[in-house]
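Position 1 is the first residue of the sequence; numbering continues from there. Counting starts at 1 for both ligands and their atoms, in listed order.
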Amino acid sequence: MNYYSTRDQKKEFPVSAAQAIKQGLANDGGLFVPECLPTLTKEFLSELCADDYATRAAKMMKLFLADYTYEELLSDCQAAYALESFRGGAAPLCAVGNADLYSLELWHGPTAAFKDMALQIMPRLLSRALKKTGEDRTALILVATSGDTGKAALEGYRDIDQTKMIVFYPVDGVSRVQKLQMATQQGENVRVLAIRGNFDDAQTGVKRIFGDSVVADRLNEGGYLLSSANSINWGRLLPQIVYYVSAWCDLTNGGKLGEGETFNVCVPTGNFGNIFAAYLARRMGLPIGKLICASNKNHVLTDFLRTGTYDRNRAFHLTMSPSMDILISSNLERLLYFTAGPAVTADCMAQLNEKGCYTVTPEVKAEIDRVFVGYYADEDETTTAISKVWNDNGYLSDTHTAVALSCADKYRADAADTAPMVVASTASPYKFANNVYRAVSGKEPTDDLAALDELSAMTGTEIPYPLAGLAERTVRFTDVIDASGMTASVYETLGL
Ligand SMILES: *Cc1c(COP(=O)(O)O)cnc(C)c1O
């Protein structure tokens, strides 16, 4: 199976899976997509039901990675999803109350956020990709993060052979816990830099470096090639398809889903990667009904899904769900490709670049409407969702998951749709303990860090191992730079 750019109108430039993973972004600025989508047959799915998570992942990923052997994938998946890093299981499905509502907990990994699901496996795929493509340069991975990606990428890549990583984050756009997690990162091949600006400034800066041939030449001379770990990389997206299939297996195994019955999925969305993985699972034949795209106060996606116009020209809000504080959802480009084709995609992306907005045709909108529905929750609704689900069901959710819980509720009320609902739970409540504590106790925590202990004492739940003892770790990274200085800092890091 080959991969093409979302903007490659004549399908002129096929690349292998290993090449797509190594390169991250296509040469024309588009995102890599597989040339076709394999079908999930009944037999294949029922086989997966009997497997553990790592085996489900290896079998699913083998469908897309023709140039990797099943044995390679199985050994990588077993290492990535081992119980010692995913101590609460890889993607357990947890019932919330008795209303056929389930939380797909994707945050039991080494950084307590769902990015681990992809970033524990992706460096292993890249490492093999370098060998498979005969590459002797070092892969330089640049990451723009709104908080969780950065830490998960650092943890996934640290001390991985033939790789170096620089993470850029908005200095005032991440929580104190997120900042501490990144600043205390171990590993000889990693560096963390704060940017004066918001997440989009960081992401735009990284994209610009990727598109700059002068930078590429200079890095090449120094023995480096650029690669990305952001969710625009196919190696990030593919592992995310797995857990939706796994959720179906668990619902089926638990007798919650009969033959031919569908379930709905609600995803707290930022860059549109996680929900797009669910869309691919659906297109492959997984019986998903609706995909509910949940946004916070930065509801550019809700507006797009309701009107057909994507418009990033609007105020940017910092919210208590910072990983969703995004105005340019990069993976939406892949949805445009799959619903409207490469010509429309290239045109929309050019418009987005030039004037910050575009409108899809009524036909394309109708196609998207068949699957997606958009809702958003403001800050008050998010707080209410946390306290309500805790009080009614004894289930503690983080701020991002709470946005989705609120949106799932609204959808169910509006659509009178009683199919089982799986909400993607994307972070441990302890990662955003201050706001979660405020919501469940109605009190102010002593400070952001003390909030972890206070939340634990109040709810009788445990602080997950990646977040315990954070204050005692040594801070290694304190630099803050202007967004315009990103390229220079890359050279400086590498000594070029
Ligand atoms: C990254 C992230 C999201 C958004 O996921 P996308 O794939 O960017 O849509 C939601 N919640 C948390 C906690 C995250 O870290």
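Ranking the protein heavy atoms by distance from atom 1 (C) of ligand 1 puts Lys115 NZ, 1.4 Å first. Residue, atom and distance of the protein heavy atom nearest to atom 10 (C) of ligand 1 are Pro268 O, 3.5 Å. The shortest contact between atom 12 (C) of ligand 1 and any protein heavy atom is with Thr426 OG1, 3.4 Å. Protein heavy atom in closest approach to atom 6 (P) of ligand 1: Asn271 N, 3.5 Å. Here the heavy atom of the protein found nearest to atom 4 (C) of ligand 1 is Gly270 N, 3.5 Å.
Annotation: cation-pi geometry not satisfied between Lys164 and Tyr157 (NZ/CZ under 6.0 angstrom from ring centroid, within 45° of ring axis).
Salt bridge status for Lys290 with Asp369: absent, with no side-chain N to carboxylate O gap under 4.0 Å. Remark: Asp325 does not engage Lys297 in a salt bridge, criterion side-chain N to carboxylate O under 4.0 Å.
Residue contacts with ligand 1 for Phe272 involve N, CA, C or O but no side-chain atom from C-beta outward (heavy atoms, distance under 4.0 Å).
Side-chain atoms of Asn198 and Asp200 form no donor-acceptor pair, as typed in the model, at a separation below 3.5 Å.
At a 3.5 angstrom cut-off on N or O pairs, Asn274 counts as close to ligand 1. For ligand 1, the polar-atom distance check finds no N/O of Asp398 at less than 3.5 Å from any of the ligand's N/O atoms.
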